[in-house]
Amino acid sequence: MGSIHMNEVKCTGHEQSILDCQYKNITEEDCKHSEDAAVRCNIPYMGYEKTIRLAGGRSQQEGRVEVLWGPRGEERWGFVCGEGWGTREAAVVCQQLGLGFVSSALQIRIIGGRTQFEGRVEVKFGNSWGYLCSDGWTTKEAMVACRQLGLGYSLHAVTETWYWDASNVTEMILSGVRCSGTEMNLQQCSRHKTVSCKNTGTRHAAGVICSESASDLILHASLVQETAYIEDRPLHMLYCAAEENCLSSTARHANWPYGHRRLLRFSSQIHNNGRADFRPKAGRHSWVWHECHGHYHSMDIFTHYDLLTPNGTKVAEGHKASFCLEDSECQELVSKRYECANFGEQGITVGCWDLYRHDIDCQWIDITDVKPGNYILQVVINPNFEVAESDFTNNAMKCNCKYDGHRIWIHNCHIGDALSEEANKRFEQYRGQLNNQIL
């Protein structure tokens, strides 16, 4: 019958492999084969490469659970004791979750690209390779794929790969991959489906362009604190801002051009501390010209500005469209490379920063409808992860904010990962005394 290798297996249900569960090694004969664990599944067995298998059942969908055990080259199949499985003759009826039968050692590759750093992403199921559907495929998923492949960071998440070599194309076998961007491999991502997506054919296969280097943006937090103030700005001076949706929704019902909007203004200085230049996702051929301000938009949203209650409820918001990504200043010995004038290239060079002064349009949050109280000012760079970075955890900044209806105090501004968890708990209760008068 074979030996027994695992005893008293305890799982939470979220593990990727049975070997990730808690269990005891068998050191003496304290479990009989009458207690062998078993499982019944409701999806076809597809012969995937595995370190566990089902055996002895009436069909390929049920049987004893066996694990491959032993030193490399000397592995043997053994049983899992049913003690703690739920019954002495353990058996369950399963539903498909995640990747079904795919083992924790999910294999992926990129193929068809012009270099070793780009291509369609393919997954190995058993002895076959298949591609991923590109529906919902974003920079975050591409970042995980490049990390798993050991190819550094994702420069682009490609959603149409028809122009790459398709001579080795198989069928689409996986869709719905959703990642946070911090996972070490696609297996750890939260959502997967082995069903077809709405876009069929290799044109809509998921692909990546990886790089050994990536940009890394970080906001100058203290500058936000030092420059924050309130302005009551007349409506007749806000037509361009209204056109670019930089005011709250109630502004459209105002008595234009009479009256004003109350704006929380501050400067924003964004540094590139990475190892590669930060470039817009879209090429210059697709940038949009805005006549009102006389510049091109290279990204729909570059930065989110939000005012939140201490429990995280949003009470006011703004956004910064990237109407000009350029090198405002640079560190010593670093030369500027990007300038928006004359339809120039846009981006932020490594060692340089882009400065949006407090006195330009949309560099604000419209707080006209905000009641007095204690709030959190939050700024998030690259909020939609449109451009890959080596580190997304430092893209958010937050400050304490106290508003009494006439004045506002901004204090304790810091990057989101700069304080410990305990310090962040104290952060929302702290009161400061930085006076900023209304202009």
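Residue numbers run from 1 in the order of the sequence given. Everything quoted here is computed from the prediction, not taken from an experiment.
- Between Arg261 and Asp369 a salt bridge is recorded (basic side-chain N to carboxylate O distance below 4.0 Å).
- For Asn272 (side chain) and Asp216 (main-chain N/O), a donor-acceptor pair under 3.5 Å exists by modelled atom type.
- At least one donor-acceptor pair closer than 3.5 Å links the side chain of Asp327 to the backbone N or O of Thr349.
- Between Gln225 and Ser222, the side chains place no donor N or O within less than 3.5 Å of an acceptor N or O (distance only, hydrogens not considered).
- Panel note: side chain His156, backbone Ser154; no donor-acceptor pair is recorded below 3.5 Å.
- In terms of modelled atom types and a separation under 3.5 Å, the side chain of Asp366 and the main chain of Thr368 share a donor-acceptor contact.
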Check step by step if salt bridge (Lys or Arg N to Asp or Glu O under 4.0 Å) holds for Glu345 and Arg279. CA-CA 9 Å; Glu345 289 291 346; Arg279 300 295 308 279; 2.7 Å; yes
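- Considering every non-hydrogen atom in both Leu308 and Gln378, the closest pair reads CD1-OE1, 3.8 Å.
- Screening Val387, Asp354, Ile270 against Leu217 for a side chain to side chain contact (heavy atoms under 4.5 Å, CB included) leaves a single residue, Ile270.
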Audit row: Ser213, Ser211, side-chain hydrogen bond (donor to acceptor under 3.5 Å, both in side chains) steps and yes/no: CA-CA 5 Å; Ser213 304; Ser211 172; 5.0 Å; no
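- Ring-centre distance between Trp256 and Tyr239: below the 6.0 Å cut-off.
- By the 30° and 60° cut-offs, the orientation of the rings of Tyr305 relative to Phe266 is perpendicular.
- Pairing each heavy atom of Ile410 with each of Cys413, the nearest pair is CG2-SG, 3.6 Å.
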Hey, mind stepping through Asp277 and Arg337 against salt bridge (Lys or Arg N to Asp or Glu O under 4.0 Å) and telling me if it holds? CA-CA 9 Å; Asp277 295 353; Arg337 298 183 60 186; 2.7 Å; yes
